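Here the structure is laid out as structure tokens; the discussion comes afterwards.
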Number of protein chains: 2
Amino acid sequence: MKTEDDLLALDNQLCFALYAANRAITARYRPLLAELNLTYPQYLVMLVLWEANQDGKTVRVSDLGKRLRLDSGTLTPLLKRLADRKLVTRLRDTVDERVVTVAPTEKGIAMRRQAREIPGRLLCGTGIGEERIVALREELRSVLSLLEAQGEPSGR
Amino acid sequence: MKTEDDLLALDNQLCFALYAANRAITARYRPLLAELNLTYPQYLVMLVLWEANQDGKTVRVSDLGKRLRLDSGTLTPLLKRLADRKLVTRLRDTVDERVVTVAPTEKGIAMRRQAREIPGRLLCGTGIGEERIVALREELRSVLSLLEAQGEPSGR
DNA sequence: GTAAATTGTATTGTGTACAATATAATGGAG
DNA sequence: CTCCATTATATTGTACACAATACAATTTAC
């Protein structure tokens, strides 16, 4: 009885630790991203676009979805808000009209310069060492791949 | 240049690993919690209420907020939905009318029995060992406390 | 004892998440 | 060539998150 009860204790749940840590980190990002007028998911989208832009690759909405594990119901309005602010362009492919290609504008690309300071500023002062961050990140990536490998036929 | 660029690479960001892993775990919970007709945050609220109920303690909205790191804007509508389904009661304190005490109903308490199987069913088949889960959970808790200790004057 | 600050919850508005559904375009199978 | 499954995105609806604000009750300062 005691054992099963313990399993339901909030503090014993990995998921809650993940849930709380995720929101705590996002909360740390918020004031930094506010300087760029970006939300956290918008920032992630920009990261993907900046990377692709440097590699000379184009990015479709579905590519963003696969990379960030988000569906169109999340991405479409988010991208429209970024497009309204002239940070990205959304162009429907003329060959295959089902496809919408997303690219950063000059303004969007320029924002990358300011974004560069963010990772450095984020964790400084928290007393979390570099190697600890790397270890945790890799463990999370490993767990993520295990979670995604099992169960459902494929990622969304 | 290369170094700073790497810092902005999506795969090098702890925050994204956390963000993706959190949503992957929540997605794993979803079908299990659907059997109870609970969302994941609703489940967390019930966990807190079940714990307090066993300890004979009362829980105020602000207690839930502190424990789960959620504010009233999230909790109030969530608790109203649980109350609509007769899983919890929301009673305004007659002495201090600012206080609302939340408690599970008989129906809410009965649900605990079904919830017990969930932690066990969740990760079975993923190939993630028990000790690995514990280690990751403790590391996340440690990081969380460091994140919460610094910066802002206090937690929300 | 009363004004001011604090506390506890609620409300409003914006922005994700995601299931379910819709819609349009493409690529075969026949 | 045409029906049909598939693909890519968009739309709708529900439910968080959280900032900002509101407001009533309580506590503190004086």
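Remember, predicted model here, so these are calculated numbers, not experimental data. In what follows, chains carry the letters A, B, and so on, assigned in the order in which the sequence lines appear, proteins first and then strands, with residues in each chain numbered from 1. Just the heavy atoms: all of them, side chains too, but no hydrogens, waters or symmetry mates, feed the values below.
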Protein-nucleotide distance (A:N22, atom CG; D:dA17, atom P), rounded to Å
10 Å
Should A:S62 be listed as having a side-chain N or O under 4.0 Å from OP1 or OP2 of D:dT9?
yes
If you compare every side-chain N and O of A:R98 against the phosphate oxygens of D:dA10 (OP1, OP2), does one of them come in below 4.0 Å?
no
Could you say whether A:D96 or B:A24 is positioned toward the 5' end of DNA chain C, judged by the nucleotide with the nearest heavy atom to each?
B:A24
To the nearest angstrom, how far is B:L79 atom CG from D:dA17 atom P?
13 Å
Among the nucleotides D:dA8, D:dT11, C:dA17, whichever has the atom closest to the side chain of A:V99 is D:dA8
I need the CG-P distance between B:L68 and C:dT9, as an integer number of Å.
14 Å
Dump the intermediate steps for salt bridge (Lys or Arg N to Asp or Glu O under 4.0 Å) on B:E35 and B:R30, then the final yes or no.
CA-CA 9 Å; B:E35 298 173 12; B:R30 202 166 297 125; over 6 Å; no
Once you apply a heavy-atom cut-off of 4.0 Å, does B:L78 come out as touching a base, just sugar-phosphate, or nothing?
sugar-phosphate
Look at the side-chain N and O atoms of B:T74 and state whether any lies under 4.0 Å from the OP1 or OP2 oxygen of D:dC18.
no
Is any side-chain nitrogen or oxygen of B:S72 closer than 4.0 Å to OP1 or OP2 of C:dT9?
no
Separation of C:dT12 P from B:L75 CG (nearest whole Å)
18 Å
Would A:L8 and B:L36 show up in the same hydrophobic cluster when neighbours are defined by side-chain heavy atoms closer than 4.5 Å?
yes
To the nearest Å, give me how far apart CD (B:E97) and P (D:dC23) are.
17 Å
Report yes if a side-chain nitrogen or oxygen of B:R92 is closer than 4.0 Å to either non-bridging phosphate oxygen (OP1 or OP2) of C:dA10; otherwise report no.
yes
Side-chain N or O of B:R30 closer than 4.0 Å to phosphate OP1/OP2 of C:dC18:
yes
Which part of the nucleic acid, if any, lies within contact of A:V95, taking any heavy atom under 4.0 Å across all strands shown: a base, the sugar-phosphate backbone alone, or nothing?
sugar-phosphate
Ignoring hydrogens and geometry, is there a side-chain-to-backbone donor-acceptor pair from B:R121 to B:P119 under 3.5 Å?
no
Examine distances only and state if a side-chain atom of B:R85 and a backbone atom of B:K80 form a donor-acceptor pair shorter than 3.5 Å.
no
Residues B:E106 and B:K86 bridged, charged N to O under 4.0 Å
no
Atom-pair distance (CG on A:D84; P on C:dT14), nearest Å:
14 Å
Using a strict threshold of under 4.0 Å (side-chain N to carboxylate O), is an ion pair present between B:E51 and B:K57?
no
Please determine if a side-chain N or O atom of B:K80 lies less than 4.0 Å away from the OP1 or OP2 oxygen of C:dT11.
yes
Please state whether the phosphate of C:dC18, meaning OP1 or OP2, lies under 4.0 angstrom from any side-chain nitrogen or oxygen of A:R69.
no
Verify the contact: side-chain N or O of A:R81 to OP1 or OP2 of C:dT16, cut-off strictly under 4.0 Å; return yes or no.
yes
Contacting residues from residues 33-43 of chain B, given that a heavy atom lies under 4.0 angstrom of DNA chain C:
none
Between A:Y19 and D:dA17, does any side-chain N or O lie under 4.0 Å from OP1 or OP2?
yes
side-chain hydrogen bond (donor to acceptor under 3.5 Å, both in side chains) for B:S142 and A:R132? Distances and angles first, verdict last.
CA-CA 11 Å; B:S142 167; A:R132 209 171 151 191; 2.5 Å; yes
Here the distance between atom P of C:dT16 and atom CG of A:L64, to the nearest Å, is 13 Å
Nearest-Å distance, CG (B:D71) to P (C:dT9)?
12 Å
Return no unless some side-chain N or O of B:R23 is found under 4.0 Å from OP1 or OP2 of C:dA17.
no
Taking for each residue the nucleotide of DNA chain D bearing the nearest heavy atom, is the 5' side occupied by A:T26 or by A:R60?
A:R60
For the pair A:Y29 and A:Y43, name the ring-plane relationship: parallel under 30°, tilted 30 to 60°, perpendicular over 60°.
tilted
Check this for me, if you would: do A:D11 and B:R141 make a salt bridge, where the nitrogen-to-carboxylate-oxygen distance has to be below 4.0 angstrom?
yes
